[in-house]
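I have placed the structure first, in the form of structure tokens, so that the comments after it can refer back to it.
Only heavy atoms go into these numbers, but all of them, side chains included; no hydrogens, no water, no symmetry mates. On a predicted model such as this, the values are computed, not experimentally measured, just so you know.
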Amino acid sequence: MDVRKLRYLCEYAVFRSVACLLQILSVRQTASLAEALGWLFVRVLPRKLSRYHVARENIEQSFPELSPAEVDDLIRRMWVHLFRLIAETVQLPRKMTLDNCREVITFRDRRKCVKAMCSGRPVLMLGGHFGNWEVSTATFGLFGFPMGIVGRELDNPYLHRWFYESRQQTGHKLYLKKGASDGMVQLMDAGGNLGVLCDQDAGRRGVFVDFFGRPASTFKSIALMALQYNAIIVVGYGIRTKDDFVNGRWSQFEIGCEEIIDPAEIEADDEIREITQRFTSALERAIRRAPEQYFWVHRRWKTDPITRRKAKKKKQKPHVAPAA
């Protein structure tokens, strides 16, 4: 057995051991554990490990009205949320079923979303690294709306298989970012549903749109697919609401349909930019409802538009042949 495989097996064994522990915890115990780990990450561990400075810069730029103490508390609550997200993902198959889902979730603007998904047209379900996206996708699977989910392959094949199978349990199919274009094309041609996280930095090739008052490079592929396949875009979210410790219920969530975008109704000189700006603005509105549940350690504004313009000019610079 090679060293890498041994390492992967050890990581998987640790994960499954922790998962077994998380599955037996109550909601109150899970919340208390997350609070303790959040405090540990922000107050004790080196800030480089928790990417504290990245989160602080992102939050300060996005919410300039917050005081330093409020920013610090928001970072702590973000880590509490992320630890609860991990626990809820592990607990999800046993805690949320078709029989009890009405006790777990409320659905804001449900009719608009169901109408879009029953239209017979392809649907692009957009979300972000916000709230509990695993609960959101599981809900649609439980109610008979399976979708293809675009995700990144984990380095550890054993962990990847576990997460892959957990998504399959509710009828979804995972498409890897690399090498899955043919499958996604077939899904769109068949009028299927495709779930995508739309808040990742797209590098120099992306289109820059406003996100929390700053230009953010965003992938053009979502708008291009919507236009090519006449697909309806549904921007949604799933946020954790108040806990019900008294009745011993599992975590409570609000799933919402923030905006419906029909590419056939877009009238703009630059349709790609208009569509991209609309779904990005919709995601921002959702995040403002519960900013502590957003993944602020993600470098969303990593690509600078000025650097992109310089690189583009350099690429377009004509080649001058050397003198004979």
Side-chain angles (χ1 to χ4, degrees), residues 15-16 19-20 22-25 27 30 81-82 84-119 122-154 157-177 180 183-184 186-188 190-198 231-241 249-258 286 293:
F15 168 77
R16 291 306 304 267
C20 289
L22 294 175
Q23 286 176 340
I24 64 176
L25 295 181
V27 181
T30 301
H81 160 70
L82 290 174
R84 291 196 66 175
L85 169 63
I86 294 171
E88 288 159 355
T89 301
V90 172
Q91 297 167 350
L92 180 61
R94 298 179 60 185
K95 296 291 188 179
M96 180 175 159
T97 64
L98 187 59
D99 294 329
N100 75 340
C101 62
R102 287 181 177 270
E103 300 175 1
V104 175
I105 64 168
T106 56
F107 204 138
R108 175 174 164 264
D109 289 333
R110 177 184 60 191
R111 291 187 177 182
K112 291 195 305 182
C113 182
V114 173
K115 182 180 178 181
M117 300 191 78
C118 293
S119 65
V123 175
L124 291 169
M125 301 289 296
L126 303 188
H129 291 84
F130 171 59
N132 192 319
W133 53 87
E134 297 291 345
V135 166
S136 301
T137 55
T139 300
F140 286 99
L142 289 173
F143 279 93
F145 292 99
M147 67 181 78
I149 301 175
V150 181
R152 184 182 69 86
E153 183 176 9
L154 299 179
Y158 305 104
L159 288 175
H160 177 79
R161 184 176 63 186
W162 187 91
F163 281 100
Y164 177 84
E165 291 176 350
S166 67
R167 291 188 174 113
Q168 296 277 87
Q169 288 179 2
T170 50
H172 301 306
K173 182 175 181 180
L174 181 64
Y175 290 100
L176 302 180
K177 287 184 177 180
M184 289 188 285
Q186 292 175 3
L187 183 65
M188 290 288 97
N193 309 316
L194 186 65
V196 185
L197 297 181
C198 63
I232 299 175
I233 295 176
V234 177
V235 185
Y237 65 88
I239 57 175
R240 187 183 307 101
T241 55
R249 292 181 177 178
W250 195 50
S251 302
Q252 308 293 292
F253 300 93
E254 177 189 294
I255 293 177
C257 175
E258 186 63 33
Q293 296 188 36

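The side chain to side chain donor-acceptor pair (under 3.5 Å) search around Ser119 returns none, not counting sequence neighbours. For Asn132, the side chain to side chain donor-acceptor pair (under 3.5 Å) test picks out Glu88, with sequence neighbours left out. Under the rule for a salt bridge (charged side-chain N to carboxylate O under 4.0 Å, His left out), the partners of Glu134 that lie at least two apart in sequence or sit in another chain are Arg167. With sequence neighbours excluded, the residues forming a salt bridge (charged side-chain N to carboxylate O under 4.0 Å, His left out) with Lys112 are Asp109, listed by chain and number. Arg16 is linked by a salt bridge (charged side-chain N to carboxylate O under 4.0 Å, His left out) to nothing, counting only residues two or more places apart in sequence or in another chain. The side chain to side chain donor-acceptor pair (under 3.5 Å) search around Trp250 returns Gln91, not counting sequence neighbours.
Aromatic ring orientation, Phe15 versus Trp162: perpendicular (interplanar angle above 60°, classes split at 30° and 60°).
At least one side-chain heavy atom of Val135 sits less than 4.5 Å from a side-chain heavy atom of Leu92. Thr139 places none of its side-chain heavy atoms less than 4.5 Å from the side chain of Phe253. Contact check for His160 versus Leu174: side-chain heavy atoms found under the 4.5 Å cut-off. Val27 places none of its side-chain heavy atoms less than 4.5 Å from the side chain of Thr30. A heavy-atom distance below 4.5 Å is found between the side chains of Leu124 and Met188. Side-chain contact check for Thr170 versus Thr137: every heavy-atom pair is 4.5 Å or farther apart. Inter-residue side-chain proximity for Lys173 and Leu187 is flagged as unmet; no heavy-atom pair is nearer than 4.5 Å.
In this structure, Val104 and Lys95 approach most closely via the heavy-atom pair CG2-O, 4.4 Å. The minimum heavy-atom distance between Pro146 and Gly171, with the atom names listed, is CB-O, 3.2 Å. Across all non-hydrogen atoms, the minimal contact from Val234 to Ala116 is CG2-CB, 4.0 Å.
The line from CG of Leu159 to CZ of Arg161 is 10.0 Å long, rounded to the nearest 0.5 Å. Considering CZ of Phe130 and CG of Leu197, their distance stands at 12.5 Å, rounded to 0.5 Å. Atom CZ of Phe140 is separated from atom CG of Asn193 by 9.0 Å, given to the nearest 0.5 angstrom. His172 contributes atom NE2, which lies 10.0 Å from atom OG of Ser166 (distance to the nearest 0.5 angstrom). Distance CD/Glu254 to CD1/Ile105: 10.5 Å, rounded to 0.5 Å. Atom CD of Gln169 and atom OH of Tyr164 lie 12.5 Å apart (nearest 0.5 Å).
When atom types are taken as modelled, the side chain of Glu258 and the backbone of Tyr237 share no donor-acceptor pair closer than 3.5 angstrom.
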Q: Take Leu194 and Tyr175 through the test side chain to side chain contact (heavy atoms under 4.5 Å, CB included) and record every step on the way to the result.
A: CA-CA 9 Å; Leu194 186 65; Tyr175 290 100; 4.2 Å; yes
